[in-house]
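Chain A is the first sequence line, chain B the second, and so forth, proteins listed ahead of strands; every chain is numbered from 1. Predicted model, so just to flag it, every value in this text is computed and none were measured.
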There are 2 protein chains.
Amino acid sequence: MAGVRVVVVDDDALVRAGLRMILGGSPDLEVVGEAADGQEALDVVARELPDVVLMDIRMPRMDGLAATRRLRERGTTARIIVLTTFDTDEMVLTALQLGAAGFLLKDTAPADLVVAVQRVALGEPMLSPSVTSQLIAAVTRPADDGRRRKARTLLARLTDREREVADAVSNGLTNTEIARSLHLGVATVKTHVGSLFTKLEVTNRVQVARYVHDAADDR
Amino acid sequence: MAGVRVVVVDDDALVRAGLRMILGGSPDLEVVGEAADGQEALDVVARELPDVVLMDIRMPRMDGLAATRRLRERGTTARIIVLTTFDTDEMVLTALQLGAAGFLLKDTAPADLVVAVQRVALGEPMLSPSVTSQLIAAVTRPADDGRRRKARTLLARLTDREREVADAVSNGLTNTEIARSLHLGVATVKTHVGSLFTKLEVTNRVQVARYVHDAADDR
DNA sequence: GACCGCCTCCACCGTCCGGTGGACCCGGCC
DNA sequence: GGCCGGGTCCACCGGACGGTGGAGGCGGTC
């Protein structure tokens with residue numbers, strides 16, 4: 001293999017020089033280009049067609065996230081590692097949703113940085129430990145949300161029939177439509193809906209829909 | 001530091017021996033106990049109070065996930081690394097939600113395994129690359145759900161005022177309540193609600209609530 | 001058998017909702 | 001100026017909704 005071709009994007013010339021040195025020290029890595037902002041990055045990547053892009057987030061003109069989006073939209077084959085000093089929840093999720101293959105903090109040890117580039121070049125993801133933690137938190141958190149648990153317990157007290165009606169209500173059906181779809185009389189549906197209000201302690205059907213949706217997905 | 005104390009849990013004696021050898025080769029790691037199933041694991045962990053537990057999933061009597069849950073319930077300070085041959089989506093999420101600090105595949109290189117144990121002992125998470133990928137997929141997938149994007153685009157066409165009204169509607173307020181809370185006449189609210197029906201192509205307020213909730217986070 | 005919970009349905013009534021067809025004001029644009 | 005879109009309001013009406021107080025049937029439990 002000829003080695004992994006890397007482009008470094010950061011508005012700080014000193015940082016670029018440092019990265020060039022760190023990565024250049026590895027025989028199978030080659031820094032083939034640099035850019036000082038997202039706009040430049042688009043050009044350089046288009047010209048050099050690198051395997052990996054190390055992308056800073058905070059940059060003038062076009063930031064790293066926007067540049068990542070643009071690159072992906074253009075169907076680049078380059079894998080992008082977002083490299084930043086901060087790791088706010090939002091940024092991490094945004095970056096990954098934009099298709100970043102890695103998310104590293106700038107305090108990453110030089111040796112680890114080299115490993116990260118190599119792994120990402122092979123198609124593996126690479127996240128800093130704290131970023132991994134955030135990811136775990138993101139998938140773990142919603143599991144017991146408080147509001148969601150309350151909704152679940154309240155809905156659990158409903159009878160089967162009531163749950164069916166509640167589902168129909170939260171799908172936006174009118175009483176008449178519900179009656180038809182469940183083969184019931186409208187009067188019966190009204191009774192069930194009334195029970196729902198009492199048991200869920202609400203006063204109208206929109207609030208029933210809220211409970212059902214809260215309890216449902218979110219995943 | 002006296003070294004990281006590790007307990008190895010796997011129903012295969014050969015695997016236990018192998019792990020003991022790999023980990024024992026590192027001067028700062030010490031395998032202080034073994035268990036052949038989840039039940040035993042509870043005892044051994046209670047007795048040895050290790051820093052890290054390497055836990056297989058597929059085991060007789062009590063599997064690794066159940067054991068992990070039990071340990072966490074007992075307030076163990078030990079950090080648990082789930083170690084398995086398979087990495088189904090579900091298992092990964094379950095394990096992490098149960099509080100596992102790591103999730104490694106059994107094809108992990110010995111050197112990486114040692115590193116993983118050391119990092120986990122320090123409180124960092126450690127996931128195999130493919131597991132990380134799954135996690136990323138899990139947070140990325142819901143981002144553009146189709147239904148959600150549709151809801152977003154439709155809601156984007158609303159005027160500011162209409163959006164406010166839509167929010168109120170989806171919180172289960174009646175027109176009168178909305179009028180009060182936005183300092184409007186009831187007639188105005190009705191006009192806005194009517195516009196909502198037209199623009200969102202629905203016929204009642206529950207369906208408006210659906211759109212608003214769909215467009216919101218979920219994630 | 002008596003009791004209870006659930007499901008089914010009925011009648012009555014006041015309120016709210018949703019549809020229609022207006023009105024006026026304002027700010028921006030041609 | 002004329003026009004248009006957004007925001008604010010009005011009146012009217014039929015139908016849907018929500019509240020109340022019933023009724024009968026059916027299966028399970030004590």
Q: Could you tell me whether a side-chain N or O of A/Gln97 sits under 3.5 Å from a main-chain N or O of A/Thr94, the two making a donor and an acceptor?
A: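 Not confirmed, A/Gln97 side chain does not pair with A/Thr94 backbone.
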Q: Look at A/Arg161 and C/dT8 and indicate whether a side-chain polar atom (N or O) is within less than 4.0 Å of OP1 or OP2.
A: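 A/Arg161 to C/dT8 OP1/OP2: side-chain N or O found under 4.0 Å.
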Q: Taking all atoms of both residues into account, what is the closest heavy-atom pair of B/Pro125 and A/Pro129, and its distance?
A: CG-O, 3.3 Å
Q: Tell me, which of residues 163-180 of chain B have any heavy atom that sits under 4.0 Å from an atom in DNA chain D?
A: none
Q: Between C/dC17 atom P and B/Phe197 atom CZ, what is the distance in whole Å?
A: 9 Å
Q: Protein-nucleotides 9-12 of chain D N/O pairs closer than 3.5 Å?
A:
residue	atom	partner	partner atom	Å
D/dC9	OP2	B/Gly185	N	2.4
D/dC9	OP2	B/Thr188	OG1	2.9
D/dC9	O5'	B/Thr188	OG1	3.1
D/dC9	N4	B/Thr191	OG1	2.7

Q: How would you list, by chain and number, every residue that makes a side chain to side chain contact (heavy atoms under 4.5 Å, CB included) with A/Asp51, sequence neighbours excluded?
A: A/Val4, A/Arg5
Q: Among D/dG18, D/dG6, C/dC7, which nucleotide sits nearest the side chain of A/His192?
A: C/dC7
Q: How far does CG of B/Leu98 sit from CD1 of B/Ile80, to the nearest 0.5 angstrom?
A: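 Rounded to the nearest 0.5 Å, the CG-CD1 separation comes out at 9.0 Å.
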Q: From B/Glu40 CD over to B/Met59 CE, what is the distance, rounded to the nearest 0.5 angstrom?
A: 9.5 Å
Q: Nearest-Å distance, CG (A/Leu196) to P (D/dG18)?
A: 11 Å
Q: Find the distance B/Gln207:CD to D/dC17:P and express it as a whole number of Å.
A: 11 Å
Q: So which of A/Asp112, A/Asp12, A/Asp56 actually passes salt bridge (Lys or Arg N to Asp or Glu O under 4.0 Å) with A/Lys106?
A: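 Output: one option passes, namely A/Asp56.
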Q: Run through A/Val120, A/Val9, A/Leu23 and flag the one making a side chain to side chain contact (heavy atoms under 4.5 Å, CB included) with A/Leu54.
A: A/Leu23
Q: Whole angstrom is fine here: how far is it from NZ in A/Lys199 over to P in D/dG18?
A: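 To the nearest whole Å, that distance equals 18 Å.
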Q: Quick check: does any side chain N or O of A/Thr159 sit under 3.5 Å from a backbone N or O of A/Glu162, one acting as donor and the other as acceptor?
A: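 Checked: pair present.
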Q: Between B/Gly194 and A/Glu162, who's closer to the 5' end of DNA chain C by nearest nucleotide?
A: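 Result: A/Glu162.
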